[in-house]
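Owing to the predicted nature of the structure, the values given are computational and were not obtained by experimental measurement. Every chain is numbered from 1, with letters handed out A, B, ... down the list of sequences. As a basis for the values below, the full set of heavy atoms in this structure was taken, side chains included, without hydrogen atoms, waters or symmetry mates.
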Number of protein chains: 2
Amino acid sequence: MGRKEKNEQQREGIRQMILKEAKNLFLKDGYEATSMRKIAQGAGISPTTIYLYYKDKSDMAYALHKEGFKILGKQFMVLQSVENAFERLKAMGKIYLRFALENPDFYEIMFIMKEPIEFLSKQDTCEWEEGEQAFNSLLNTVADCKKEGFFKEMDERIVALNIWALVHGLCSLKLQGHLDHVAAAHLGEDMQRDVLDDAYNGLILMISSLR
Amino acid sequence: MGRKEKNEQQREGIRQMILKEAKNLFLKDGYEATSMRKIAQGAGISPTTIYLYYKDKSDMAYALHKEGFKILGKQFMVLQSVENAFERLKAMGKIYLRFALENPDFYEIMFIMKEPIEFLSKQDTCEWEEGEQAFNSLLNTVADCKKEGFFKEMDERIVALNIWALVHGLCSLKLQGHLDHVAAAHLGEDMQRDVLDDAYNGLILMISSLR
DNA sequence: TTTTTAAATTAACAGTGTTAATTATATTTG
DNA sequence: CAAATATAATTAACACTGTTAATTTAAAAA
(Lines give C-alpha, C1' and ligand atoms only; values in the text may rest on other atoms or scores of the structure.)
Protein backbone atom coordinates (compact mmCIF):
# COMPACT_ATOMS: atom_id res chain seq x y z
CA MET A 1 0.00 0.00 0.00
CA GLY A 2 2.69 2.44 1.02
CA ARG A 3 4.63 1.36 -2.01
CA LYS A 4 1.93 2.37 -4.42
CA GLU A 5 1.54 5.78 -2.81
CA LYS A 6 5.21 6.45 -3.19
CA ASN A 7 4.94 5.43 -6.82
CA GLU A 8 2.15 7.91 -7.32
CA GLN A 9 4.34 10.60 -5.84
CA GLN A 10 7.21 9.61 -8.08
CA ARG A 11 4.95 9.82 -11.09
CA GLU A 12 3.81 13.28 -10.03
CA GLY A 13 7.43 14.29 -9.60
CA ILE A 14 8.25 13.34 -13.16
CA ARG A 15 5.10 15.07 -14.37
CA GLN A 16 6.25 18.23 -12.68
CA MET A 17 9.75 17.91 -14.08
CA ILE A 18 8.43 17.56 -17.62
CA LEU A 19 6.12 20.52 -17.16
CA LYS A 20 8.93 22.61 -15.74
CA GLU A 21 11.05 21.98 -18.81
CA ALA A 22 8.09 22.59 -21.12
CA LYS A 23 7.40 25.84 -19.34
CA ASN A 24 10.98 27.04 -19.72
CA LEU A 25 10.92 26.36 -23.44
CA PHE A 26 7.39 27.63 -24.07
CA LEU A 27 8.16 30.91 -22.32
CA LYS A 28 11.52 31.23 -24.05
CA ASP A 29 10.75 30.19 -27.63
CA GLY A 30 6.97 30.03 -27.80
CA TYR A 31 4.60 27.12 -28.24
CA GLU A 32 5.16 26.27 -31.89
CA ALA A 33 8.93 26.50 -31.69
CA THR A 34 9.05 24.12 -28.74
CA SER A 35 9.19 20.48 -29.76
CA MET A 36 8.52 17.38 -27.76
CA ARG A 37 12.04 16.24 -28.47
CA LYS A 38 13.53 19.42 -27.01
CA ILE A 39 11.39 19.12 -23.91
CA ALA A 40 12.44 15.49 -23.51
CA GLN A 41 16.10 16.33 -23.97
CA GLY A 42 15.88 19.08 -21.36
CA ALA A 43 14.17 16.72 -18.95
CA GLY A 44 16.67 13.97 -19.66
CA ILE A 45 14.11 11.47 -20.88
CA SER A 46 12.98 9.94 -24.13
CA PRO A 47 10.55 11.96 -26.28
CA THR A 48 7.83 9.35 -26.16
CA THR A 49 7.98 9.11 -22.37
CA ILE A 50 6.16 12.43 -22.25
CA TYR A 51 3.12 10.70 -23.69
CA LEU A 52 2.96 8.53 -20.58
CA TYR A 53 2.33 11.68 -18.53
CA TYR A 54 0.55 14.00 -20.95
CA LYS A 55 -1.94 13.11 -23.61
CA ASP A 56 -0.37 15.34 -26.23
CA LYS A 57 1.26 18.72 -26.72
CA SER A 58 -1.95 20.67 -26.17
CA ASP A 59 -2.35 18.88 -22.85
CA MET A 60 0.86 20.52 -21.68
CA ALA A 61 -0.31 23.85 -23.02
CA TYR A 62 -3.43 23.44 -20.93
CA ALA A 63 -1.36 22.59 -17.85
CA LEU A 64 0.55 25.86 -18.28
CA HIS A 65 -2.70 27.63 -18.98
CA LYS A 66 -3.89 26.53 -15.55
CA GLU A 67 -0.61 27.58 -13.96
CA GLY A 68 -0.98 31.03 -15.51
CA PHE A 69 -4.45 31.43 -14.02
CA LYS A 70 -3.05 30.49 -10.63
CA ILE A 71 -0.48 33.27 -10.88
CA LEU A 72 -3.06 35.79 -12.05
CA GLY A 73 -5.42 34.67 -9.29
CA LYS A 74 -2.73 35.28 -6.68
CA GLN A 75 -2.13 38.77 -8.04
CA PHE A 76 -5.87 39.42 -7.82
CA MET A 77 -5.76 38.56 -4.10
CA VAL A 78 -4.69 42.07 -3.11
CA LEU A 79 -8.01 43.31 -4.48
CA GLN A 80 -9.76 41.91 -1.41
CA SER A 81 -8.30 44.72 0.63
CA VAL A 82 -9.74 47.40 -1.63
CA GLU A 83 -12.97 48.52 -0.06
CA ASN A 84 -14.30 50.89 -2.68
CA ALA A 85 -15.81 48.97 -5.58
CA PHE A 86 -14.76 51.33 -8.34
CA GLU A 87 -11.23 51.51 -6.99
CA ARG A 88 -11.23 47.74 -6.99
CA LEU A 89 -12.35 47.68 -10.60
CA LYS A 90 -9.60 50.10 -11.57
CA ALA A 91 -6.97 48.10 -9.74
CA MET A 92 -8.23 44.89 -11.29
CA GLY A 93 -7.70 46.23 -14.79
CA LYS A 94 -4.24 47.50 -13.88
CA ILE A 95 -3.23 44.11 -12.50
CA TYR A 96 -4.59 42.35 -15.57
CA LEU A 97 -2.68 44.70 -17.86
CA ARG A 98 0.53 44.38 -15.91
CA PHE A 99 0.24 40.62 -15.83
CA ALA A 100 -0.12 40.53 -19.61
CA LEU A 101 2.92 42.75 -20.15
CA GLU A 102 5.13 40.98 -17.64
CA ASN A 103 4.07 37.47 -18.65
CA PRO A 104 3.32 37.76 -22.37
CA ASP A 105 3.78 34.06 -23.02
CA PHE A 106 1.52 33.04 -20.17
CA TYR A 107 -1.04 35.55 -21.41
CA GLU A 108 -0.86 34.08 -24.87
CA ILE A 109 -1.47 30.57 -23.56
CA MET A 110 -4.32 31.79 -21.36
CA PHE A 111 -6.23 34.16 -23.61
CA ILE A 112 -4.99 34.00 -27.19
CA MET A 113 -3.97 30.48 -28.15
CA LYS A 114 -6.65 28.11 -29.30
CA GLU A 115 -4.90 24.91 -28.18
CA PRO A 116 -5.74 24.93 -24.46
CA ILE A 117 -9.39 25.70 -25.16
CA GLU A 118 -9.49 23.08 -27.89
CA PHE A 119 -7.98 20.59 -25.47
CA LEU A 120 -10.83 21.33 -23.08
CA SER A 121 -13.37 20.70 -25.82
CA LYS A 122 -11.83 17.34 -26.66
CA GLN A 123 -12.08 16.27 -23.02
CA ASP A 124 -15.30 15.27 -21.32
CA THR A 125 -15.56 18.45 -19.27
CA CYS A 126 -16.47 21.22 -21.65
CA GLU A 127 -16.24 23.92 -19.00
CA TRP A 128 -13.53 26.56 -18.90
CA GLU A 129 -13.34 26.75 -15.12
CA GLU A 130 -10.40 29.14 -14.89
CA GLY A 131 -11.81 31.68 -17.30
CA GLU A 132 -15.27 31.56 -15.82
CA GLN A 133 -13.91 32.09 -12.33
CA ALA A 134 -11.83 35.07 -13.40
CA PHE A 135 -14.78 36.54 -15.23
CA ASN A 136 -16.87 36.07 -12.12
CA SER A 137 -14.47 38.22 -10.12
CA LEU A 138 -14.90 40.96 -12.66
CA LEU A 139 -18.65 40.47 -12.74
CA ASN A 140 -18.96 40.80 -8.97
CA THR A 141 -16.88 43.95 -8.96
CA VAL A 142 -18.98 45.47 -11.72
CA ALA A 143 -22.12 44.54 -9.77
CA ASP A 144 -20.68 46.27 -6.70
CA CYS A 145 -19.95 49.34 -8.80
CA LYS A 146 -23.56 49.34 -9.91
CA LYS A 147 -24.65 49.50 -6.29
CA GLU A 148 -22.50 52.59 -5.95
CA GLY A 149 -24.29 54.24 -8.83
CA PHE A 150 -22.22 53.27 -11.84
CA PHE A 151 -23.53 51.73 -15.07
CA LYS A 152 -27.15 52.65 -14.44
CA GLU A 153 -29.73 50.76 -16.41
CA MET A 154 -27.11 48.51 -17.95
CA ASP A 155 -26.77 44.77 -17.71
CA GLU A 156 -23.76 44.15 -15.49
CA ARG A 157 -22.80 41.11 -17.56
CA ILE A 158 -22.63 43.22 -20.68
CA VAL A 159 -20.58 45.85 -18.89
CA ALA A 160 -18.18 43.24 -17.54
CA LEU A 161 -17.82 41.66 -20.95
CA ASN A 162 -17.09 45.01 -22.57
CA ILE A 163 -14.46 45.88 -19.99
CA TRP A 164 -12.79 42.50 -20.40
CA ALA A 165 -12.90 42.82 -24.18
CA LEU A 166 -11.37 46.28 -24.06
CA VAL A 167 -8.50 45.38 -21.76
CA HIS A 168 -7.92 42.09 -23.56
CA GLY A 169 -8.03 43.92 -26.88
CA LEU A 170 -5.31 46.30 -25.72
CA CYS A 171 -3.19 43.43 -24.44
CA SER A 172 -3.49 41.26 -27.50
CA LEU A 173 -2.94 44.12 -29.96
CA LYS A 174 0.18 44.96 -27.98
CA LEU A 175 1.50 41.42 -27.72
CA GLN A 176 0.84 40.54 -31.37
CA GLY A 177 2.72 43.63 -32.54
CA HIS A 178 -0.18 45.49 -34.13
CA LEU A 179 -0.36 48.25 -31.56
CA ASP A 180 3.24 49.31 -31.92
CA HIS A 181 2.87 49.87 -35.64
CA VAL A 182 -0.21 52.03 -35.24
CA ALA A 183 1.30 53.89 -32.31
CA ALA A 184 4.45 54.59 -34.32
CA ALA A 185 2.39 56.10 -37.11
CA HIS A 186 -0.07 58.15 -35.07
CA LEU A 187 1.54 58.97 -31.76
CA GLY A 188 4.55 61.02 -30.74
CA GLU A 189 7.60 59.22 -29.47
CA ASP A 190 6.92 60.31 -25.92
CA MET A 191 3.43 58.85 -26.02
CA GLN A 192 4.47 55.57 -27.66
CA ARG A 193 6.19 54.29 -24.53
CA ASP A 194 3.10 54.14 -22.40
CA VAL A 195 0.32 53.77 -24.93
CA LEU A 196 -1.26 51.05 -22.85
CA ASP A 197 -1.27 53.09 -19.67
CA ASP A 198 -2.56 56.14 -21.50
CA ALA A 199 -5.30 54.10 -23.12
CA TYR A 200 -6.25 52.53 -19.82
CA ASN A 201 -6.36 55.89 -18.06
CA GLY A 202 -8.59 57.11 -20.87
CA LEU A 203 -10.89 54.18 -20.30
CA ILE A 204 -11.09 54.95 -16.59
CA LEU A 205 -11.86 58.57 -17.43
CA MET A 206 -14.69 57.51 -19.71
CA ILE A 207 -16.14 55.06 -17.22
CA SER A 208 -15.85 57.56 -14.40
CA SER A 209 -18.33 59.81 -16.15
CA LEU A 210 -20.85 56.97 -16.32
CA ARG A 211 -22.33 57.54 -12.90
CA MET B 1 10.13 44.16 -75.64
CA GLY B 2 6.60 42.90 -76.06
CA ARG B 3 7.86 39.48 -75.17
CA LYS B 4 9.13 40.53 -71.79
CA GLU B 5 5.90 42.31 -70.92
CA LYS B 6 3.91 39.20 -71.71
CA ASN B 7 6.28 37.22 -69.51
CA GLU B 8 5.68 39.61 -66.66
CA GLN B 9 1.97 39.11 -67.07
CA GLN B 10 2.41 35.35 -67.17
CA ARG B 11 4.40 35.53 -63.97
CA GLU B 12 1.69 37.58 -62.33
CA GLY B 13 -0.86 35.04 -63.51
CA ILE B 14 0.96 32.20 -61.81
CA ARG B 15 1.40 34.32 -58.70
CA GLN B 16 -2.34 34.83 -58.59
CA MET B 17 -3.02 31.15 -59.16
CA ILE B 18 -0.76 30.17 -56.29
CA LEU B 19 -2.34 32.75 -54.01
CA LYS B 20 -5.81 31.59 -54.97
CA GLU B 21 -4.99 28.04 -53.95
CA ALA B 22 -3.29 29.22 -50.76
CA LYS B 23 -6.34 31.29 -49.94
CA ASN B 24 -8.69 28.33 -50.40
CA LEU B 25 -6.63 26.18 -48.09
CA PHE B 26 -5.89 28.88 -45.50
CA LEU B 27 -9.58 29.75 -45.22
CA LYS B 28 -10.58 26.09 -45.12
CA ASP B 29 -7.98 24.52 -42.82
CA GLY B 30 -6.16 27.46 -41.28
CA TYR B 31 -2.62 28.70 -41.69
CA GLU B 32 -0.72 26.06 -39.73
CA ALA B 33 -2.60 23.15 -41.25
CA THR B 34 -1.89 24.35 -44.78
CA SER B 35 1.39 23.10 -46.15
CA MET B 36 3.40 24.32 -49.09
CA ARG B 37 3.08 20.89 -50.65
CA LYS B 38 -0.72 21.00 -50.49
CA ILE B 39 -0.78 24.45 -52.05
CA ALA B 40 1.55 23.27 -54.79
CA GLN B 41 -0.51 20.18 -55.46
CA GLY B 42 -3.67 22.24 -55.70
CA ALA B 43 -2.00 24.65 -58.08
CA GLY B 44 -0.56 21.79 -60.14
CA ILE B 45 3.05 22.78 -59.64
CA SER B 46 6.07 21.64 -57.70
CA PRO B 47 6.32 22.69 -54.05
CA THR B 48 9.55 24.58 -54.52
CA THR B 49 8.18 26.56 -57.45
CA ILE B 50 6.21 28.61 -54.95
CA TYR B 51 9.50 30.01 -53.66
CA LEU B 52 10.08 31.57 -57.08
CA TYR B 53 6.99 33.70 -56.51
CA TYR B 54 6.83 34.13 -52.75
CA LYS B 55 9.69 34.51 -50.35
CA ASP B 56 8.25 32.08 -47.82
CA LYS B 57 5.02 31.00 -46.21
CA SER B 58 4.61 34.20 -44.21
CA ASP B 59 4.89 36.14 -47.47
CA MET B 60 1.72 34.45 -48.67
CA ALA B 61 0.06 35.16 -45.34
CA TYR B 62 0.91 38.80 -45.84
CA ALA B 63 -0.52 38.74 -49.38
CA LEU B 64 -3.81 37.44 -47.99
CA HIS B 65 -3.57 39.94 -45.17
CA LYS B 66 -3.53 42.69 -47.80
CA GLU B 67 -6.43 41.09 -49.65
CA GLY B 68 -8.44 41.05 -46.43
CA PHE B 69 -7.86 44.76 -45.89
CA LYS B 70 -9.04 45.41 -49.43
CA ILE B 71 -12.31 43.61 -48.69
CA LEU B 72 -12.77 45.42 -45.39
CA GLY B 73 -11.93 48.73 -47.07
CA LYS B 74 -14.62 48.13 -49.67
CA GLN B 75 -17.17 47.40 -46.96
CA PHE B 76 -16.18 50.64 -45.26
CA MET B 77 -16.98 52.54 -48.47
CA VAL B 78 -20.68 52.78 -47.63
CA LEU B 79 -19.71 54.87 -44.62
CA GLN B 80 -19.03 57.81 -46.91
CA SER B 81 -22.74 58.22 -47.36
CA VAL B 82 -23.39 58.52 -43.65
CA GLU B 83 -23.51 62.21 -42.86
CA ASN B 84 -23.84 62.15 -39.09
CA ALA B 85 -20.47 61.43 -37.48
CA PHE B 86 -21.75 59.37 -34.58
CA GLU B 87 -23.96 57.30 -36.85
CA ARG B 88 -20.90 56.72 -38.99
CA LEU B 89 -18.94 55.57 -35.97
CA LYS B 90 -21.70 53.16 -35.00
CA ALA B 91 -21.96 51.78 -38.51
CA MET B 92 -18.19 51.41 -38.70
CA GLY B 93 -18.12 49.20 -35.66
CA LYS B 94 -20.98 47.12 -36.97
CA ILE B 95 -19.24 46.57 -40.28
CA TYR B 96 -16.01 45.64 -38.52
CA LEU B 97 -17.81 43.17 -36.31
CA ARG B 98 -19.74 41.64 -39.17
CA PHE B 99 -16.60 41.33 -41.24
CA ALA B 100 -14.86 39.46 -38.43
CA LEU B 101 -17.75 37.04 -37.99
CA GLU B 102 -18.28 36.42 -41.69
CA ASN B 103 -14.58 36.15 -42.52
CA PRO B 104 -13.01 34.69 -39.38
CA ASP B 105 -9.95 33.39 -41.20
CA PHE B 106 -9.29 36.69 -42.93
CA TYR B 107 -9.73 38.42 -39.60
CA GLU B 108 -7.23 36.09 -38.01
CA ILE B 109 -4.66 36.78 -40.70
CA MET B 110 -5.28 40.53 -40.45
CA PHE B 111 -5.47 41.15 -36.73
CA ILE B 112 -4.46 38.10 -34.74
CA MET B 113 -1.67 36.20 -36.45
CA LYS B 114 1.87 37.37 -35.89
CA GLU B 115 3.24 36.08 -39.19
CA PRO B 116 2.12 38.88 -41.53
CA ILE B 117 3.34 41.56 -39.14
CA GLU B 118 6.59 39.71 -38.63
CA PHE B 119 6.99 39.46 -42.39
CA LEU B 120 6.68 43.24 -42.55
CA SER B 121 9.36 43.66 -39.92
CA LYS B 122 11.78 41.43 -41.82
CA GLN B 123 11.29 43.52 -44.95
CA ASP B 124 12.81 46.95 -45.49
CA THR B 125 9.54 48.83 -45.03
CA CYS B 126 8.64 48.62 -41.40
CA GLU B 127 5.28 50.33 -41.87
CA TRP B 128 1.96 48.59 -41.53
CA GLU B 129 0.21 50.61 -44.22
CA GLU B 130 -3.08 48.72 -44.20
CA GLY B 131 -3.58 48.89 -40.47
CA GLU B 132 -2.57 52.51 -40.20
CA GLN B 133 -4.98 53.48 -42.95
CA ALA B 134 -7.86 51.63 -41.33
CA PHE B 135 -7.04 53.20 -37.99
CA ASN B 136 -6.99 56.58 -39.67
CA SER B 137 -10.56 56.11 -40.86
CA LEU B 138 -11.59 55.43 -37.29
CA LEU B 139 -9.53 58.34 -36.01
CA ASN B 140 -11.17 60.80 -38.41
CA THR B 141 -14.62 59.59 -37.48
CA VAL B 142 -13.86 59.96 -33.79
CA ALA B 143 -12.52 63.46 -34.45
CA ASP B 144 -15.75 64.30 -36.26
CA CYS B 145 -17.71 63.00 -33.30
CA LYS B 146 -15.71 65.26 -31.07
CA LYS B 147 -16.81 68.24 -33.16
CA GLU B 148 -20.37 67.18 -32.51
CA GLY B 149 -19.81 67.24 -28.78
CA PHE B 150 -18.72 63.70 -27.99
CA PHE B 151 -15.61 62.68 -26.03
CA LYS B 152 -15.06 66.10 -24.51
CA GLU B 153 -11.62 66.80 -23.14
CA MET B 154 -10.33 63.47 -24.34
CA ASP B 155 -7.53 62.73 -26.76
CA GLU B 156 -9.22 61.46 -29.92
CA ARG B 157 -6.35 59.05 -30.54
CA ILE B 158 -6.89 57.48 -27.16
CA VAL B 159 -10.62 57.22 -27.76
CA ALA B 160 -10.08 55.65 -31.19
CA LEU B 161 -7.59 53.19 -29.77
CA ASN B 162 -9.97 52.18 -26.99
CA ILE B 163 -12.84 51.66 -29.40
CA TRP B 164 -10.67 49.57 -31.69
CA ALA B 165 -9.37 47.55 -28.75
CA LEU B 166 -12.88 46.91 -27.47
CA VAL B 167 -14.30 45.74 -30.77
CA HIS B 168 -11.18 43.75 -31.59
CA GLY B 169 -11.29 42.25 -28.11
CA LEU B 170 -14.84 41.06 -28.68
CA CYS B 171 -13.96 39.64 -32.09
CA SER B 172 -10.86 37.81 -30.98
CA LEU B 173 -12.42 36.40 -27.81
CA LYS B 174 -15.24 35.14 -30.01
CA LEU B 175 -13.04 33.68 -32.73
CA GLN B 176 -10.62 31.99 -30.33
CA GLY B 177 -13.46 30.29 -28.50
CA HIS B 178 -13.07 32.01 -25.13
CA LEU B 179 -16.23 34.05 -25.35
CA ASP B 180 -18.51 31.08 -25.92
CA HIS B 181 -17.31 29.36 -22.77
CA VAL B 182 -17.89 32.40 -20.60
CA ALA B 183 -21.22 33.13 -22.25
CA ALA B 184 -22.35 29.55 -21.68
CA ALA B 185 -21.56 29.87 -17.98
CA HIS B 186 -22.97 33.32 -17.31
CA LEU B 187 -25.65 34.01 -19.88
CA GLY B 188 -29.01 32.45 -20.66
CA GLU B 189 -29.36 30.46 -23.83
CA ASP B 190 -31.36 33.19 -25.49
CA MET B 191 -28.64 35.74 -24.83
CA GLN B 192 -25.79 33.48 -25.94
CA ARG B 193 -26.75 33.65 -29.59
CA ASP B 194 -26.14 37.35 -29.99
CA VAL B 195 -23.63 38.10 -27.26
CA LEU B 196 -21.58 40.14 -29.66
CA ASP B 197 -24.49 42.28 -30.81
CA ASP B 198 -25.67 42.74 -27.24
CA ALA B 199 -22.19 43.73 -26.13
CA TYR B 200 -21.81 46.13 -29.02
CA ASN B 201 -25.19 47.72 -28.34
CA GLY B 202 -24.09 48.11 -24.74
CA LEU B 203 -20.96 49.87 -25.90
CA ILE B 204 -22.98 52.25 -28.04
CA LEU B 205 -25.24 52.96 -25.08
CA MET B 206 -22.25 53.79 -22.92
CA ILE B 207 -20.63 55.99 -25.53
CA SER B 208 -23.91 57.74 -26.26
CA SER B 209 -23.95 59.11 -22.75
CA LEU B 210 -20.50 60.61 -23.22
CA ARG B 211 -21.68 63.84 -24.78
C1' DT C 1 21.92 25.44 -84.71
C1' DT C 2 24.47 26.31 -80.89
C1' DT C 3 24.95 29.00 -76.75
C1' DT C 4 23.09 31.39 -73.01
C1' DT C 5 19.57 32.37 -69.66
C1' DA C 6 15.65 31.62 -66.99
C1' DA C 7 12.19 28.57 -65.01
C1' DA C 8 10.78 24.45 -62.93
C1' DT C 9 11.92 20.24 -60.92
C1' DT C 10 13.93 16.50 -58.02
C1' DA C 11 16.75 15.34 -54.15
C1' DA C 12 17.98 16.36 -49.79
C1' DC C 13 18.28 18.41 -45.02
C1' DA C 14 16.85 18.84 -40.61
C1' DG C 15 13.32 18.87 -38.34
C1' DT C 16 7.86 17.91 -36.47
C1' DG C 17 3.95 15.19 -33.47
C1' DT C 18 2.65 10.82 -32.58
C1' DT C 19 1.93 5.43 -32.54
C1' DA C 20 3.47 0.62 -32.38
C1' DA C 21 6.68 -2.67 -31.14
C1' DT C 22 10.47 -3.69 -28.19
C1' DT C 23 13.51 -3.63 -24.29
C1' DA C 24 14.60 -2.75 -19.46
C1' DT C 25 12.96 -2.46 -14.74
C1' DA C 26 10.40 -3.31 -10.85
C1' DT C 27 6.67 -6.00 -8.46
C1' DT C 28 4.29 -10.07 -7.30
C1' DT C 29 3.77 -14.94 -7.12
C1' DG C 30 5.22 -20.00 -6.81
C1' DC D 1 15.47 -17.19 -4.10
C1' DA D 2 13.88 -17.81 -8.90
C1' DA D 3 10.27 -17.42 -12.29
C1' DA D 4 6.27 -15.05 -14.06
C1' DT D 5 3.94 -10.90 -14.51
C1' DA D 6 3.00 -6.07 -14.86
C1' DT D 7 4.71 -1.51 -15.82
C1' DA D 8 7.67 1.93 -17.17
C1' DA D 9 10.80 3.64 -20.63
C1' DT D 10 12.92 3.17 -24.94
C1' DT D 11 13.93 2.61 -29.94
C1' DA D 12 12.07 2.36 -34.53
C1' DA D 13 8.99 3.97 -37.60
C1' DC D 14 5.30 6.75 -40.00
C1' DA D 15 3.79 10.50 -42.39
C1' DC D 16 4.46 14.77 -42.38
C1' DT D 17 6.69 20.00 -42.23
C1' DG D 18 9.38 24.47 -44.41
C1' DT D 19 13.16 25.38 -47.01
C1' DT D 20 17.83 25.16 -49.75
C1' DA D 21 21.00 23.30 -53.21
C1' DA D 22 21.80 20.89 -57.25
C1' DT D 23 19.87 19.39 -61.44
C1' DT D 24 17.04 19.14 -65.35
C1' DT D 25 13.92 21.22 -68.75
C1' DA D 26 12.35 24.87 -71.67
C1' DA D 27 12.72 29.21 -73.89
C1' DA D 28 15.28 33.19 -75.85
C1' DA D 29 19.49 35.15 -78.01
C1' DA D 30 23.55 34.73 -80.73
Side-chain angles (χ1 to χ4, degrees), chain A residues 1-19 21-23 25-26 28-64 109 113-116 118-119 122-123, chain B residues 1-19 21-23 25-26 28-64 109 113-116 118-119 122-123:
Chain A
M1 227 210 277
R3 294 278 148 74
K4 203 171 185 190
E5 277 176 37
K6 203 198 164 192
N7 260 1
E8 285 280 312
Q9 265 184 267
Q10 270 182 313
R11 270 191 72 84
E12 192 53 39
I14 297 175
R15 247 185 91 92
Q16 289 294 333
M17 191 187 62
I18 293 172
L19 192 64
E21 194 58 39
K23 180 176 150 191
L25 291 169
F26 279 155
K28 190 162 71 73
D29 307 325
Y31 179 77
E32 297 289 347
T34 303
S35 74
M36 301 299 257
R37 285 167 176 84
K38 281 181 197 165
I39 296 169
Q41 193 171 21
I45 56 173
S46 175
T48 50
T49 304
I50 298 173
Y51 289 87
L52 301 172
Y53 296 89
Y54 292 95
K55 211 186 172 192
D56 54 23
K57 204 182 171 187
S58 74
D59 193 354
M60 305 182 63
Y62 179 66
L64 289 174
I109 295 177
M113 276 174 48
K114 281 179 174 168
E115 281 84 355
E118 281 172 351
F119 177 78
K122 306 260 169 183
Q123 301 296 106
Chain B
M1 225 207 279
R3 293 278 148 73
K4 204 172 185 190
E5 277 176 37
K6 202 198 164 192
N7 259 2
E8 284 279 312
Q9 264 184 268
Q10 270 182 317
R11 271 191 72 83
E12 192 53 38
I14 297 176
R15 247 184 92 91
Q16 290 293 334
M17 191 187 62
I18 293 172
L19 191 64
E21 194 58 38
K23 180 176 150 191
L25 290 170
F26 278 155
K28 189 162 72 74
D29 306 326
Y31 178 76
E32 297 288 347
T34 303
S35 73
M36 301 300 258
R37 285 166 176 84
K38 281 180 197 163
I39 296 170
Q41 192 171 22
I45 56 172
S46 174
T48 50
T49 304
I50 298 173
Y51 290 87
L52 301 173
Y53 296 89
Y54 291 94
K55 210 186 172 192
D56 55 22
K57 204 182 171 187
S58 73
D59 192 354
M60 305 181 63
Y62 179 65
L64 288 175
I109 294 177
M113 276 174 47
K114 280 178 175 170
E115 281 84 356
E118 281 172 351
F119 176 77
K122 306 260 170 186
Q123 302 296 106

Q. Which distance, rounded to the nearest 0.5 Å, do you find between the CD1 of B:I18 and the CG of B:L52?
A. 8.0 Å
Q. Is a side-chain donor or acceptor of B:K57 paired with a backbone partner of B:E115 at a separation under 3.5 angstrom?
A. no
Q | Protein-nucleotide distance (A:K57, atom NZ; C:dG17, atom C1'), rounded to Å | A | 8 Å
Q. If you pin A:Y51 and B:R37 to their nearest nucleotides in DNA chain C, which one's is more 5'?
A. B:R37
Q: Would you check if the side chain of A:Y54 reaches a backbone N or O of A:R15 as a donor-acceptor pair within less than 3.5 Å?
A: yes
(Q) Measuring from atom CZ of A:F119 to atom CE of A:M113, what distance do you get when rounded to the nearest 0.5 angstrom? (A) 12.5 Å
(Q) Among C:dA7, C:dG17, D:dT11, which nucleotide has an atom closest to any side-chain atom of A:M36? (A) C:dG17
Q: Look at the side chain of A:K38 and the backbone N and O of A:A33, then say whether any donor-acceptor pair between them is shorter than 3.5 Å.
A: yes
Q. Distance check: side-chain N/O of B:T49 vs OP1/OP2 of C:dT9, anything under 4.0 Å?
A. yes
Q.
Output the rounded distance in Å from CD (B:Q41) to C1' (C:dT9).
A. 15 Å
Q: Using five pairs at either end of the helix from C:dT1-D:dA30 to C:dG30-D:dC1, determine the angle between the two local helix axes and round it to 10 degrees.
A: 30°
Q.
Mind checking if B:S58 touches a base, just sugar-phosphate, or nothing, with heavy atoms under 4.0 Å?
A. nothing
Q. If you measure from NZ on B:K55 to OG on B:S58, what distance do you get to the nearest 0.5 Å?
A. 8.0 Å
Q) Checking all strands, does B:K55 fall into the base, sugar-phosphate, or nothing category for heavy-atom contacts under 4.0 angstrom? A) nothing
Q | Nearest heavy atoms of A:A61 and A:I109, plus distance in Å | A | O-CG2, 3.3 Å
**Q.** Between C:dT18 (P) and A:I50 (CD1): distance, integer Å
**A.** 10 Å
(Q) Classify A:I14 by what it touches in the nucleic acid, base, sugar-phosphate, or nothing, heavy-atom distance under 4.0 Å. (A) sugar-phosphate
Q.
If you go through the side-chain atoms of B:T48, does one of them form a donor-acceptor pair with the base of C:dT10 closer than 3.5 Å?
A. yes
Q) Hey, is the side chain of A:S46 poking within less than 4.0 Å of OP1 or OP2 on D:dA9, counting only N and O atoms? A) no
Q | Whole angstrom value for the distance that separates P of C:dA7 from CZ of B:R15 | A | 14 Å
Q) How close or far is atom C1' of C:dT25 from atom CD of A:Q10, stated in whole angstroms? A) 12 Å
Q: Specify the separation, in whole Å, of atom CD of A:E115 and atom P of C:dT18.
A: 11 Å
(Q) Would you say B:S35 places a side-chain N or O within less than 4.0 Å of OP1 or OP2 belonging to D:dT17? (A) yes
Q. Please give, in whole Å, the distance from D:dC16 P to B:E32 CD?
A. 17 Å
Q) CZ of B:R11 versus C1' of C:dA7: gap in Å, rounded? A) 8 Å
Q | Nearest heavy-atom neighbours spanning A:L19 and A:A63 | A | CD1-CB, 3.6 Å
Q.
If you compare every side-chain N and O of A:Y53 against the phosphate oxygens of D:dA9 (OP1, OP2), does one of them come in below 4.0 Å?
A. yes
